[in-house]
Amino acid sequence: MAENAGEPTPDELLAIAVRIAREAADTARRMRTEAITDVQTKSTDTDVVTAADKAVERQVVEALRRERPGDGVLGEEYGDSTATTGGVRWILDPIDGTVNYLYGLPQYAVSLAAEVNGTVVAGVVRNAATGDEWTATRGGGAWRGSRRLGGSARTTLDQALVGTGFGYDPERRAHQGAVLAGLITRVRDIRRFGSAALDLCMAAEGSLDAYFEKGLNAWDHAAGGLVAAEAGLRVSGLDGRAAGKDMLVAAPPAIFPALHDVLVELDAAGGP
Ligand code: LIP
């Protein structure tokens with residue numbers, strides 16, 4: 001394809017994302033034993049990056065450059081590695097759930113989304129350990145393999161199994177812990193699986209009834225957020241804000257208001 005010959009469709013972008021994410025997941029799985037011997041830290045001593053996070057990101061960026069030379073790429077490890085000349089930008093988390101990857105817990109994923117003129121229109125999340133895969137296109141629905149997803153049918157917060165996560169900064173964790181203490185008596189139970197991308201996909205398929213987290217970056221939720229939204233969940237911040245670093249809440253319309261209001265009451269978007 002010559003230099004971005006016209007705007008690609010969401011399905012065309014999804015096909016590229018799925019092919020590249022599958023190859024990247026294979027690399028992550030193959031490299032693990034060796035990669036966990038080369039570990040560095042980022043924002044804190046517990047915020048780790050392995051050789052595989054970097055190698056997988058380089059592999060994906062190179063593949064995207066070959067297929068769509070003019071597109072931009074925003075990745076967790078190398079940031080904005082390619083300036084965009086068209087309207088398409090890719091948002092990549094090479095290994096979401098790096099701590100799980102380090103410990104060999106099979107809950108880590110390649111997350112790749114395509115954004116056109118600032119709107120995410122296609123996304124794939126592939127669990128690199130299990131091969132499970134979730135996809136979505138804007139207006140085209142959310143899928144796990146060939147199964148269309150519709151979220152949880154739960155209707156009350158007190159019966160909801162809610163996923164969440166914690167940042168790496170101790171002060172933020174203290175605030176998030178206090179929010180959890182206030183929330184835990186108001187829900188069925190809490191799950192902390194360690195990958196926002198996979199948590200959002202589990203909420204999309206109803207394995208979790210809802211999910212929320214403070215402090216997420218675009219690469220943690222771009223693809224999973226589209227999967228959740230296309231499964232019919234409300235995905236946003238608090239008080240009418242868009243989902244972002246302050247807060248991301250994903251829940252079916254039936255329980256979103258109750259969860260939202262408890263999170264506001266507990267100042268979940270506040271703190272460090
Ligand atoms: C992880 C997120 C997770 C969060 C972790 C971490 P990473 O991303 O997916 O939801 O709780 O603290 O940020 O660092 O594995 O790419």
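Positions are given from 1 along the sequence. When a ligand or atom number is given, it counts from 1 through the structure's own listing order. For clarity, every value in this text was computed on a predicted model and none was experimentally measured.
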Problem set entry | Any N/O pair G97/ligand 1 closer than 3.5 Å | yes
For this session: For the pair Y211 and L233, evaluate side chain to side chain contact (heavy atoms under 4.5 Å, CB included) and give the outcome as yes or no after the intermediate values.
Result: CA-CA 10 Å; Y211 166 74; L233 278 64; over 6 Å; no
Exercise. Does any N/O atom on T98 come nearer than 3.5 Å to any N/O atom on ligand 1?
Worked result: yes
Exercise. Taking C-beta and beyond as the side chain, do R154 and R188 meet within less than 4.5 Å on heavy atoms?
Worked result: yes
For this session: Would you mind running through ligand 1 and noting each atom that sits below 4.0 Å from a heavy atom of A196?
Result: 2 (C), 3 (C), 9 (O), 10 (O)
Exercise. Do the side chain of Y101 and the main chain of A35 share a donor and acceptor less than 3.5 angstrom apart?
Worked result: no
Exercise. Would one find an N or O of R192, backbone or side chain, under 3.5 Å from an N or O of ligand 1?
Worked result: yes
Exercise. Can you tell me if S152 and D209 form a side-chain donor-acceptor pair at under 3.5 Å?
Worked result: yes
Problem set entry | Protein residue, atom and distance nearest to atom 13 (O) of ligand 1, heavy-atom basis | Y168 CE1, 3.8 Å
Exercise. Would you say G165 has any N or O atom under 3.5 Å from an N or O of ligand 1, going by distance alone?
Worked result: no
Exercise. Should you measure from each heavy atom of D93, which atoms of ligand 1 turn up under 4.0 Å away?
Worked result: 16 (O)
For this session: Check whether any side-chain N or O of H260 sits under 3.5 Å from a backbone N or O of V249 as a donor-acceptor pair, and report yes or no.
Result: no
Exercise. Judged by atom type as modelled, is there a donor-acceptor pair below 3.5 Å linking the side chain of D96 to the main-chain atoms of S111?
Worked result: no
Problem set entry | ligand 1 contacted by N217 (non-hydrogen, < 4.0 Å) | no
Exercise. Does an N or O anywhere in E76 fall below 3.5 Å from an N or O of ligand 1?
Worked result: yes
Exercise. Going through the checks in order, is the salt bridge (Lys or Arg N to Asp or Glu O under 4.0 Å) test met by K42 and E77?
Worked result: CA-CA 10 Å; K42 300 192 287 186; E77 307 313 338; 3.1 Å; yes
For this session: Could you list which atoms of ligand 1 come closer than 4.0 Å to a heavy atom of F166?
Result: 4 (C), 5 (C), 11 (O), 12 (O)
